[in-house]
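Heavy atoms only: backbone and side chains are in, while hydrogens, waters and symmetry mates are out.
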Amino acid sequence: MRMTNITTTLCILLFLGIARTHAQPMFVDQTIDAGVSYIHWDGTMPAGVDNGVFMMCGGAAAGDFDNDGWPDLYVTRIGAPNRLFRNLQNGTFEEVGSARGVALDSYSTGCAWADIDNDGDLDLYVLTTEPAVRHYLYINDGTGMFTEQAVARGADITTTSAKRSSTSIAFGDYNRDGWLDVIVATWSPITSAYSGERTYLLKNTGNGNFVDVTTAANVFHQHVVWGFTPRFADADNDGWPDILIAADFGSSKLYHNNQDGTFTDITSSANVGTDENGMGATVGDFENDGDLDWFVTSIFDPAATCDNISNCNWGNSGNRMYANGGSGVFSDSTDFCGVREGYWGWGTTFLDYDNDGDADLTMTNGMIFPMFGYDDPFNFTPLRFWDNDGTGQMTEISASLGLTDARNGKGILKFDYDRDGDQDIFVTNNGDTPVLYRNDIGNAKPWLQVQLRGFETNRSGVGARIYVYSIGTTNPQMREVSASTNYMSHNDIVEHFGLSTATFANVVRVDWPLSGLSSFYRNVTSGQKITIYEPHAGDFDGDNLTTLDDTKAFTTCLAGPNSDQSTTPCRVGDIDEDSDVDLQDVQMWQLNFQAP
């Protein structure tokens with residue numbers, strides 16, 4: 001009898017232990033402890049301004065502005081100074097916006113980090129809405145101090161219209177000249193008050209100077225006045241970034257890059273754009289089949305709340321998952337994936353939260369119009385999170401993960417702020433405090449993080465594709481390095497790969513779009529962040545310039561001496577950028593040119 005009681009007690013204790021393990025949330029709110037709490041907006045409208053965009057705002061961008069290897073966080077606010085949170089490398093942040101020169105006190109919307117002048121540090125672009133009349137571009141001096149230069153560099157987009165409402169930013173090299181160009185999206189009603197407002201394509205003419213080429217590029221005509229979330233992405237695998245834009249009231253578009261500086265609207269032939277109120281968007285390979293899929297958030301309203309209410313003109317059919325067939329023609333996989341129902345959607349991102357090697361999906365949602373009542377069903381709706389089962393079918397599990405925030409969510413981003421090997425989540429809430437969710441269990445499985453340094457390609461490697469091959473997977477994981485928005489919010493540019501059960505990656509391959517070269521790293525141990533440099537040889541030919549000609553000449557030299565190079569040693573330059581040329585540079589060169 002005593003043994004039976006002991007056995008029963010042990011069974012009960014074991015059960016309770018298991019129950020606790022399963023009940024333990026994967027994501028834990030660290031907003032206060034990490035020091036990143038703030039009030040986005042106090043609800044005050046400036047005198048004479050009636051701006052509905054205020055209620056759709058909440059920007060954030062993750063990036064390592066001071067090059068210390070840890071991602072920092074910039075956030076935008078309405079009618080109050082924006083904030084820059086510097087990562088202190090111990091799970092906390094310090095606010096340094098004013099000290100670093102980026103505490104813009106205006107009416108800010110979207111923001112983004114990007115190395116626009118290819119000098120090796122991140123610059124900052126901040127959009128505004130009325131009553132502000134222009135945008136702001138902060139140039140990093142290399143020490144993490146900034147100077148505002150939007151007007152001088154042609155990025156201010158100063159408006160002459162009575163109203164303006166810019167929303168989100170996307171960076172990418174659409175003409176493949178090695179410099180990051182930018183899309184500025186606007187959400188503008190077709191009224192005389194917004195005359196002249198539209199979505200813009202600004203070309204980087206070199207060293208971070210911009211010119212408006214929207215008309216010349218044949219893109220963003222008057223039919224994309226409701227722009228929310230632009231993206232640069234190579235939708236058809238031809239090596240050139242196309243433009244995808246999630247836009248309101250049925251105006252989402254896909255523009256094909258004609259490779260001559262112009263674009264063609266192929267929305268209909270690509271079988272996309274059926275979302276009724278496109279708002280947020282993310283691009284990724286959720287099927288691990290080697291091409292980029294497009295997820296767009298919208299409004300899911302099964303009660304058809306709008307049917308009997310005047311001035312309410314949204315759709316109710318929810319999100320869209322556009323699955324890429326491989327050539328830029330998509331199919332609607334929304335119901336196959338199970339991701340239609342997201343309330344009133346905004347920001348979204350793919351991420352591998354559990355390091356199992358497939359792309360999971362999360363999104364924010366919520367809407368509060370204080371002056372109306374028809375949005376009431378969407379005032380306090382929770383975050384959505386879908387777990388990918390490896391085939392692309394997904395299950396909504398936000399509550400079980402501890403992702404329970406149910407406020408007016410707008411922006412969302414992923415980054416490994418504590419560098420423990422899993423993806424954390426930051427959410428902005430309109431008119432409220434944000435939430436920083438620390439991932440506490442994802443790193444139980446192996447992982448690898450990859451950062452790129454371009455040479456011919458832009459310095460951050462935006463547009464390059466990274467492939468990770470590991471044991472136990474049929475296809476490699478693929479990421480296209482992106483500096484595009486999720487909706488007023490940008491992920492850290494470091495790419496994260498979960499390796500499931502593999503303790504190393506058999507091969508890490510990077511395809512560089514400009515040079516046409518590939519980098520190969522073999523047997524890369526998990527649990528680390530690696531930096532991969534685009535292959536180059538330094539100033540091989542002695543002309544005091546480091547160009548692709550040096551790389552070609554060095555490659556010829558490696559193939560064997562000839563009459564012109566019989567006395568020329570095959571030496572590489574400073575590939576790792578540590579101000580000297582040593583054995584490490586040679587080894588990095590050799591790694592980059594190994595066959596897989």
Side-chain angles (χ1 to χ4, degrees), residues 167-168 170 183 185 187 190 199 219-236 242-256 263-287 289 291-307 312-350 359 361 363-365 367 378 384 386 392-394 396 484-487:
T167 54
S168 301
I183 301 170
W187 185 88
I190 307 173
T199 292
V219 70
F220 305 149
H221 306 296
Q222 67 275 10
H223 53 265
V224 187
V225 292
W226 300 105
F228 272 137
T229 305
R231 309 233 8 151
F232 285 105
D234 182 5
D236 54 3
D242 307 297
I243 292 174
L244 303 83
I245 180 165
D248 211 353
F249 303 120
S251 60
S252 293
K253 297 291 179 181
L254 170 55
Y255 294 93
H256 176 256
F263 293 82
T264 299
D265 182 351
I266 62 167
T267 307
S268 179
S269 60
N271 195 32
V272 295
T274 63
D275 47 278
E276 294 174 303
N277 296 95
M279 296 181 182
T282 186
V283 169
D285 185 9
F286 79 90
E287 301 167 297
D289 62 356
D291 48 46
L292 294 175
D293 311 298
W294 186 26
F295 177 73
V296 177
T297 65
S298 189
I299 300 173
F300 181 75
D301 184 11
T305 309
C306 293
D307 286 354
C312 186
N313 53 359
W314 64 64
N316 62 6
S317 61
N319 305 322
R320 293 292 187 278
M321 179 70 84
Y322 301 114
N324 197 332
S327 60
V329 177
F330 295 77
S331 60
D332 187 338
S333 293
T334 309
D335 292 324
F336 169 80
C337 295
V339 294
R340 183 177 298 278
E341 301 179 20
Y343 308 109
W344 190 315
W346 295 103
T348 179
T349 186
F350 285 116
L361 180 66
M363 65 175 283
T364 64
N365 59 78
M367 192 66 236
F378 305 98
R384 303 290 274 173
W386 290 277
Q393 292 186 305
M394 302 189 186
E396 208 289 316
S484 290
T485 182
N486 307 319
Y487 176 72

State, to 0.1 Å, how close [X] and [Y] come at their nearest heavy-atom pair, and which atoms those are.
| X | Y | value |
| --- | --- | --- |
| Thr282 | Phe350 | OG1-N, 3.3 Å |
| Trp294 | Ala246 | CZ2-N, 4.0 Å |
| Met279 | Trp344 | CE-NE1, 3.3 Å |
| Val339 | Met394 | CG1-SD, 3.9 Å |
| Ala233 | Leu292 | CB-CD1, 4.0 Å |
| Ser252 | Gly278 | OG-CA, 3.9 Å |

Inset, instruction - Could you check Asp242, Asp265, Asp248 and say which one makes a salt bridge (charged side-chain N to carboxylate O under 4.0 Å, His left out) with Lys253? - result: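 The passing option is Asp265.
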Pairwise distance [atom1]([X]) to [atom2]([Y]) - rounded to 0.5 angstrom:
| X | Y | atom1 | atom2 | answer |
| --- | --- | --- | --- | --- |
| Thr348 | Asn365 | OG1 | CG | 10.5 Å |
| Ser168 | Arg231 | OG | CZ | 10.5 Å |
| Trp187 | Thr167 | CH2 | OG1 | 10.5 Å |
| Asp301 | Tyr343 | CG | OH | 12.0 Å |

Inset, instruction - Give the intermediate values and the outcome of side chain to side chain contact (heavy atoms under 4.5 Å, CB included) for residues Met363 and Asn319. - result: CA-CA 10 Å; Met363 65 175 283; Asn319 305 322; 3.4 Å; yes
Legend entry - is_close_aromatic(Phe263, Phe220), centroid dist under 6.0 Å: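 No: the rings miss the under 6.0 Å criterion.
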Any side-chain heavy-atom pair of [X] and [Y] under 4.5 Å:
| X | Y | answer |
| --- | --- | --- |
| Leu361 | Glu396 | no |
| Ser269 | Val329 | no |
| Ile243 | Phe232 | yes |
| Phe228 | Asn277 | no |

Inset, instruction - Could you give me the CA-CA distance, side-chain angles and deciding distance for Glu276 and Ile299, then say whether side chain to side chain contact (heavy atoms under 4.5 Å, CB included) is met? - result: CA-CA 8 Å; Glu276 294 174 303; Ile299 300 173; over 6 Å; no
Inset, instruction - Decide side chain to side chain contact (heavy atoms under 4.5 Å, CB included) for Cys337 and Trp386; before the verdict, give the C-alpha distance in whole Å, the side-chain angles of both, and the deciding distance to 0.1 Å. - result: CA-CA 9 Å; Cys337 295; Trp386 290 277; over 6 Å; no
Inset, instruction - May I have the step-by-step check of side chain to side chain contact (heavy atoms under 4.5 Å, CB included) for Phe336 and Met321, ending in yes or no? - result: CA-CA 9 Å; Phe336 169 80; Met321 179 70 84; over 6 Å; no
Legend entry - Under 3.5 Å side-chain donor-acceptor pair for Ser298 and Asp275: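 The criterion, which ignores hydrogens and geometry beyond distance, is not satisfied for Asp275 and Ser298.
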Legend entry - Partner residues of Asn324 under the side-chain contact (heavy atoms from CB on, under 4.5 Å) criterion, sequence neighbours left out: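 Asn324 satisfies side-chain contact (heavy atoms from CB on, under 4.5 Å) with Asp291, Asp293, Phe330 once adjacent residues are dropped.
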Inset, instruction - State which residue, out of Asp236, Thr264, Thr267, fulfils the side-chain hydrogen bond (donor to acceptor under 3.5 Å, both in side chains) condition with His256. - result: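 The residue from Asp236, Thr264, Thr267 that satisfies side-chain hydrogen bond (donor to acceptor under 3.5 Å, both in side chains) with His256 turns out to be Asp236.
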Inset, instruction - Indicate the ring-plane relationship of Tyr487 and Trp346, choosing parallel, tilted or perpendicular according to the 30° and 60° boundaries. - result: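 Plane angle between 30° and 60°, so tilted.
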Legend entry - Member of Thr274, Thr334, Asn271, Leu254 meeting the side-chain contact (heavy atoms from CB on, under 4.5 Å) criterion with Tyr322: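 With Tyr322 as partner, side-chain contact (heavy atoms from CB on, under 4.5 Å) holds for just one option, Thr274.
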Legend entry - Expected output: side-chain Arg340 to main-chain Ser317 donor-acceptor under 3.5 Å: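 Pair found, side chain donor or acceptor close to backbone of Ser317.
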